[in-house]
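The structure displayed is predicted, hence computed values, not measured ones. As a basis for the values below, the full set of heavy atoms in this structure was taken, side chains included, without hydrogen atoms, waters or symmetry mates.
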There are 2 protein chains.
Amino acid sequence: MKKSKQKNLEKAGWRVGDAQEFLGLSDEEAALIAMKQKLIQLVREIRGDQSLTQVALAELLHSSQSRVAKLENGSSDVSLDLIVRALFAMGVSHQQVGKAISSS
Amino acid sequence: MKKSKQKNLEKAGWRVGDAQEFLGLSDEEAALIAMKQKLIQLVREIRGDQSLTQVALAELLHSSQSRVAKLENGSSDVSLDLIVRALFAMGVSHQQVGKAISSS
DNA sequence: TGCAAATATGTCAGATGTGATATATAGTTA
DNA sequence: TAACTATATATCACATCTGACATATTTGCA
């Protein structure tokens with residue numbers, strides 16, 4: 001966003017900032033969300049590579065298709081625990097998980 | 001596994017048994033537990049390095065001393081989310097977290 | 001030793017995460 | 001077009017995780 005534009009918006013009463021600021025997230029909350037997103041991306045990748053349906057992954061996970069869908073769409077009611085379990089259920093290694101986190 | 005280790009795990013709420021029983025745990029459950037242990041170890045290390053008390057970490061985390069104690073003792077009612085938030089609250093980088101997981 | 005700080009343990013009500021189920025919405029193929 | 005497969009969304013009862021608090025135990029030091 002251009003500085004001039006932002007100035008005009010602020011003059012008009014809007015507060016302008018980034019998503020983190022807007023949502024009032026602390027740094028560690030923001031970091032956790034970024035990490036989750038990276039791992040979710042990995043879940044989608046691996047599931048694609050293995051040509052698994054959401055139903056098939058749900059079975060490996062002992063969960064349900066709807067929960068896998070929510071997981072992959074980053075629903076806020078999905079824990080980091082479940083995301084990581086999904087990865088391990090597909091046979092992803094600790095190394096792969098660690099690497100994904102390192103680059104998040 | 002050493003008897004003392006097993007005792008500690010059971011004290012913390014985990015069920016630990018012989019090889020057969022252990023195989024009853026799904027692979028992803030076992031992998032997740034190993035990963036948690038590694039990250040818990042990192043929490044203790046970092047908190048030591050920064051000379052923080054459990055109370056001080058609890059404040060950074062917006063949590064309580066008792067929960068930090070349970071976290072560090074690997075209580076089964078502590079989520080991966082909380083462990084990772086504790087690390088980020090102490091300023092640990094994604095890279096450090098990823099590295100710890102890679103080696104778990 | 002005795003005191004104080006740090007850590008551990010127990011409990012609980014409320015918040016959040018869970019699998020299951022039903023149903024809706026694509027996308028695909030006959 | 002209909003039938004089928006995959007994914008998305010909504011809801012719910014139940015389980016788990018949470019911070020808070022009280023209290024016990026351990027640790028370190030004067």
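Within the 3.5 Å criterion, the main-chain N or O of Ser79(A) finds no donor-acceptor partner in the side chain of Asp81(B). The main-chain N or O of Val78(A) is found under 3.5 Å from a side-chain atom of Lys36(A) such that the two form a donor-acceptor pair. Remark: the backbone N or O of Leu71(B) is not paired with any side-chain donor or acceptor of Ser75(B) at under 3.5 angstrom.
Sequence neighbours left out, the pairs with a member in residues 84-104 of chain A that pass ring pair (Phe, Tyr, Trp, His ring centres under 6.0 Å) are Phe88(A)-His94(A). Residue pairs meeting the ring pair (Phe, Tyr, Trp, His ring centres under 6.0 Å) criterion with at least one member in residues 40-81 of chain A, sequence neighbours excluded, do not occur.
Atom-to-atom, CD of Glu29(B) to P of dT18(C) comes out at 13 Å; the value is rounded to the nearest Å. The separation between Leu71(A) atom CG and dT9(D) atom C1' is 15 Å, rounded to whole Å. As rounded to whole Å, 17 Å separates atom P of dA6(C) from atom CG of Asn73(B).
With rounding to the nearest 0.5 angstrom, the CG atom of Leu87(A) is 9.0 Å from the CG atom of Leu61(A). For the atom pair CZ (Arg85(A)) and CD (Glu28(B)), the distance works out to 6.0 Å, reported to the nearest 0.5 Å. The CD atom of Gln50(A) sits 6.5 Å away from atom CD1 of Ile46(A), with the distance rounded to the nearest 0.5 Å.
When the local axes at the two ends of the helix from dT1(C)-dA30(D) to dA30(C)-dT1(D) are compared, using 5 base pairs at each end, they differ in direction by 40° after rounding to 10°.
Scanning for side chain to side chain contact (heavy atoms under 4.5 Å, CB included) contacts around Ile33(A) gives Leu25(A), Gln37(A), with sequence neighbours left out.
Within a heavy-atom distance below 4.0 Å of DNA chain C, the residues of residues 41-59 of chain B found are Arg44(B), Arg47(B), Thr53(B), Gln54(B).
You'll find the side chain of Met90(B) stays beyond 4.5 Å of the side chain of Asp49(B), heavy atoms only.
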Subject >> Sugar-phosphate or base contact per nucleotide [nucleotides 17-27 of chain D; S, B, -; heavy atom under 4.0 Å] >> reply: SBBBB------
